[in-house]
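By convention here, the first residue in the shown sequence is residue 1. Bear in mind the structure is a predicted one, so any value in this text is a computation, not a measurement.
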Amino acid sequence: QVQLVESGGGLVQAGGSLRLSCAASGRTFSNYAMGWFRQAPGKEREFVAAISWSGGSRVYADSMKGRYIISRDNAKNTVYLQMNSLKPEDTAVYYCASSKFLRATQSIADFGSWGQGTQVTVSS
């Protein structure tokens, strides 16, 4: 079982940036893809971005392309989400997740372990 701890959330004005981090422990980090999801009040959890085990492949939700960048540092057992040009509709709790697979995928069913989430609030 892997443990995931997110950090870096907070309050930011529209157009600003935040960088989320997710520290993993409990299993070999580099053996699995990692992902970020988010959940706004009253909405279902949705895919944000995922990165393959090596970092060589990344996938993004359409609304995040060009604004968000996912990366990982396998030496530090950490995955990051750089969020730029933030909009009020980006407000949500952001969750880090560990995949069951090596490759980056978008399906929530492909992810077996989750962090506790970190709140991101974008003011207009």
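For the residue pair Asn84/Ser17, the side-chain donor-acceptor check at 3.5 Å is satisfied. Between Asp110 and Ser99, the side chains place no donor N or O within less than 3.5 Å of an acceptor N or O (distance only, hydrogens not considered). Side-chain atoms of Arg58 and Ser71 include no donor-acceptor pair closer than 3.5 Å.
Under a 3.5 Å cut-off, the side chain of Ser54 and the backbone N or O of Gly56 do form a donor-acceptor pair. Judged purely by atom type and a 3.5 angstrom limit, Gln3 uses its side chain to pair as donor or acceptor with the backbone of Gln1. Panel note: side chain Thr118, backbone Gly9; a donor-acceptor pair is recorded below 3.5 Å. At least one donor-acceptor pair closer than 3.5 Å links the side chain of Ser52 to the backbone N or O of Ser57. Formation of a donor-acceptor pair under 3.5 Å by the Arg67 side chain with backbone atoms of Ser85 is found in this model. Side-chain N or O atoms of Tyr60 include one that pairs as donor or acceptor with a backbone N or O of Ile70 at under 3.5 Å. Checked by atom type and distance alone, the side chain of Glu6 pairs as donor or acceptor with a backbone atom of Gly117 at under 3.5 Å. With Lys100 contributing its side chain and Ala109 its backbone, the two residues share a donor-acceptor pair below 3.5 Å.
Leu102 approaches Asn31 most closely through the heavy-atom pair CD2-O, 2.9 Å. Shown here for Val122 and Thr91, the closest heavy-atom pair between the two residues is N-OG1, 2.9 Å.
Note on Leu4 and Tyr80: separate hydrophobic clusters, where clusters join Ile, Leu, Val, Met, Phe, Trp and Tyr whose side-chain heavy atoms are under 4.5 Å apart, directly or indirectly. Both Ile69 and Val12 belong to a single network of hydrophobic side chains, linked directly or stepwise wherever heavy atoms of I, L, V, M, F, W or Y lie under 4.5 Å apart. There is a path of hydrophobic side-chain contacts, each under 4.5 Å, that joins Val2 to Met34. Hydrophobic clustering keeps Ile51 apart from Tyr32 (ILVMFWY residues linked when any side-chain heavy atoms are closer than 4.5 Å, directly or through intermediates).
Atom OG in Ser123 sits 5.0 Å away from atom CG in Leu11 (nearest 0.5 Å). The CZ atom of Phe29 lies 6.5 Å from the OG1 atom of Thr78; values are rounded to the nearest 0.5 Å. Residue Ile108 holds its CD1 atom at 10.0 Å from OH of Tyr95, rounded to the nearest 0.5 Å. Atom CE in Met83 sits 5.5 Å away from atom CG in Leu81 (nearest 0.5 Å).
Geometrically, Arg72 does not engage Trp53 in a cation-pi contact, judged by NZ or CZ lying under 6.0 Å from the ring centre and within 45° of the ring axis.
Checked against a 6.0 Å centroid threshold, the rings of Phe47 and Trp36 do not count as neighbours.
Taking 4.5 Å as the limit, every side-chain heavy atom of Ser7 sits out of range of all side-chain heavy atoms of Leu20. The side-chain heavy atoms of Arg45 and Arg38, taken from C-beta on, include no pair separated by under 4.5 Å. Looking at Tyr94 and Leu18, their side chains never come closer than 4.5 Å, going by heavy atoms from C-beta outward.
Below 30°, between 30° and 60°, or above 60°: for Phe111 and Phe37 the angle between ring planes is above 60°, a perpendicular geometry.
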From CA spacing to verdict: side chain to side chain donor-acceptor pair (under 3.5 Å), Ser98, Arg27: CA-CA 10 Å; Ser98 178; Arg27 69 174 186 181; 2.3 Å; yes
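Ion pair Asp90/Lys87 not flagged as a salt bridge, since none of the NZ, NE, NH1 or NH2 atoms sits closer than 4.0 Å to an Asp/Glu carboxylate oxygen.
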